[in-house]
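What follows is a short report on a single structure.
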Amino acid sequence: MDIIGKIAGEIEVKPAQVEAAVALLDEGCTVPFIARYRKEKTGALTDEQLRKLSERLTYLRNLEEKKQTVITSIQEQEKMTPELMKEIEAAETLVALEDIYRPYRPKRRTRATIAKEAGLEPLANLILLQMTTKSIEEETSSYVNQEKGIETVEAAIAGASDIIAESISDSADYRTWIREKTFKEGSVKSVAKDAEAKSVYETYYDFEEKVSKITGYRILAINRGEKEKILTVKVTAPEIDIINYIEREMIAEDVVRSVKPVKDECLIREGKPGETDIPWTAQVIANAVVDSYDRLIAPAIERDIRSELTEKAEDGAIEVFGKNLTQLLMQPPISGQTVLGWDPAFRTGCKLAVVDPTGKVLDTAVIYPTAPTNEKKIADAKAVLKRFIKKYGITLISCGNGTASRESEQIIVELLHEIPENVSYIITNEAGASVYSASELATEEFPEFDVGQRSAASIARRVQDPLAELVKIDPKSIGVGQYQHDMNQKKLGEALGGVVEAAVNKVGVDLNTASAPLLQYISGISKPVAKNIVAYREENGSFTERKDLLKVPKLGAKAYEQCAGFLRIIGGKNPLDATAVHPESYEATEKLLKKLDVKLGKAGIAGAEMNMAEMAMGRDPVSRLKGITVGEKKKLANELGIGEMTLSDIIEELLRPGRDPREDMPKPILRSDVMEMKDLEVGMVLKGTVRNVIDFGAFVDIGVHQDGLVHISQLTNKKFIKHPLEVVSVGDIVEVKIINVDMEKGRIGLSMIL
């Protein structure tokens, strides 16, 4: 198989691009490094393209390895033929390869193997030839052998039928045709085990949909309902068409022509051989076809189809989860504010943590303003809050959206109306905060705090720098997907780990402040090396230049190559260390600056010294860099010995050194008042934040504690969309109209079609 060509066709790029990327991956380069610093080699393949390429490369290489195992096994059995070799080499999936290998795979003892051991294979072959003119008794009596357990003619026929049934089941051509037929015309059907029982699966109590059309989220919901023993699920297939297809393939043409088809029945119906009006050999085959399909093929095809549907549903859900997680991680930081983190609760009290603009925890407390409560407890709680706000200059309250969030929000709004200070609040998605607060990492970070205080600190830090805080939590626990607990956890973990890695490397991290959990996502840095970097920093002080990384234990030249460009040193010896310019391009960058007569200051070229006359003439550094034309860029790249894409990246970094790509994302909504569901009216237009995107719509926080649902049909009327992600992403700020409010069920229907 031409793996390079196949992948190139699948991701729609040139084979040379794939070949270059594969070579880099095989050298040990990471996806973020290749995407950012090897654009010339790969033709600027994106991070997403490279991850798909890497996944397919692994799959296709495993397929080729499996083919060699199959070939060796069949050759050892001395059953390999040129035709079979071509079939194996042409197989494009593991499923297709398994179908081909099935007849040659060593089997456990089956009814067919027992029949063969009893000497019935010649009888089975004779029946398949359909050329005998003898009666069933005459042809079969010689196979009756009591010592081998074949005591009657009927037993001999039954054994031969078992051999025929297994040979039908082992046919790769039949399986492929049946699988495709079932995919096209079959249905997924679910019924309730107890139709009177109330559950969230009532939609699927009597449900049926075509295999070819059923959506991924329905498959995952049905699977969960089956797992919880509420639903019974089955794949129904066009059985009559399938059986008739096999019969036409196996039974003599003149016999098939002589049969008068009856609608909705098999071409040749089951019957006792020798007692029907068709030749007894054809009747045995017809009976074996039905047995083979019912007993061997149908259950296997159903497993295959359900497995494939589940895998596709999981892949789709993982893709949505990944895109949602990307948006969540890339939310812009709210920097420069002292934040009060608020972990809401009822009986155990609300935990508070005051966090300064650098993320340092200044103070903690527990207050009891939520039920069960009284006026004194509320007054005491407000007194603590007022004291904290005045003492620490708190400008923002970050309240978690968990239990007692609504009641806490009400207290916060009351407080804001009572104080002279200008303080806002934000409702923060606290998914995973409890996981973090009980983790070993949180214990190391805050050994003196209990889990509630740690959670409050995390909720505060989530708004100061969402990326730096969320990387401390298992991505699966962040909760911006659907049915994440029902899918392949290894595959989900690997995919989401890739998403976090991509986000961290896209933003870059400050080498002198980044935590070990953040550093371990940087290209080329493992978990142990991340800890070594932090330990080296604590022992030797701040890094002053990137090349000092080579002094870190276990961080060698290859790891340095992969990670250096993503690590920033602010205020170090070399201003380029604060940019995404890779050390391997420093020499070219310095030549560029010299050629343009531009000096690099601590704040980049914008901080370089210049006189008023130069600025007036447009000769300031920014104008000089922006003024480079496309033609000049090509000539300049040749002179500097670098590619044009690398030169463009260097110029962009010099113009906007240390730019945080999160600056381009929508800013979070800060609130100062609260609404309740009872305040909502149909037709009201509000601004909200997209909290989660799923296959059938998006959930939007409009500030009433209960997120509203914008169904996919209400996202836009300007174009047809297949998925909500074509219109919205997690973190987007959107305007929505209230279209219905169900107080009893706590549901809010929203529309973005205003």
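Quick caveat, the model's predicted, so the values are computed rather than measured.
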Spell out, as yes or no, whether a donor-acceptor pair under 3.5 Å connects the side chain of Thr58 to the backbone of Ser54.
-> yes
Do Lys66 and Glu98 meet the salt-bridge criterion of a basic N to acidic O distance under 4.0 Å?
-> yes
Thr370 versus Phe346, closest heavy-atom pair with distance = OG1-CA, 3.5 Å
Could you tell me whether the side chain of Thr113 and the main chain of Arg109 form a donor-acceptor pair under 3.5 Å?
-> no
Is there a side-chain contact between Leu470 and Leu328, using heavy atoms and a 4.5 Å cut-off?
-> yes
Looking at Ile301 and Arg175, what are the two nearest heavy atoms and their distance?
-> CD1-O, 4.0 Å
Does Ala431 offer a backbone N or O that forms a donor-acceptor pair with the side chain of Asn429 under 3.5 Å?
-> yes
Does one side chain, of Tyr174 or Ser292, offer a donor that lies under 3.5 Å from an acceptor on the other?
-> no
Between Tyr204 and Phe207, what is the ring plane arrangement, given parallel below 30°, perpendicular above 60°, and tilted in between?
-> perpendicular
Should Ser73 and Tyr101 count as side-chain neighbours, where that means a heavy-atom distance under 4.5 Å?
-> yes
Looking only at side chains, do Ser161 and Asp291 share a donor and an acceptor under 3.5 Å apart?
-> no
Electrostatic pair Arg179:Glu308 at N-O distance under 4.0 angstrom | no
Nearest non-hydrogen partners of Leu325 and Pro475, listed with the distance = CD2-CB, 3.9 Å
Any ion pair linking Glu185 and Lys181 (charged N to carboxylate O, less than 4.0 Å)?
-> yes
To the nearest 0.5 Å, how far apart are CG in Asp732 and CE in Met752?
-> 7.5 Å
Using the side chain to side chain contact (heavy atoms under 4.5 Å, CB included) rule, pick out the option among Ile702, Asn740, Leu715, Leu686 that qualifies with Leu750.
-> Ile702
Looking at Asn505, Ile522, Leu50, which hits side chain to side chain contact (heavy atoms under 4.5 Å, CB included) with Pro32?
-> Asn505
Taking all heavy atoms of Leu296 and all of Ala165, pick out the closest pair and write down the distance.
-> CD1-O, 3.8 Å
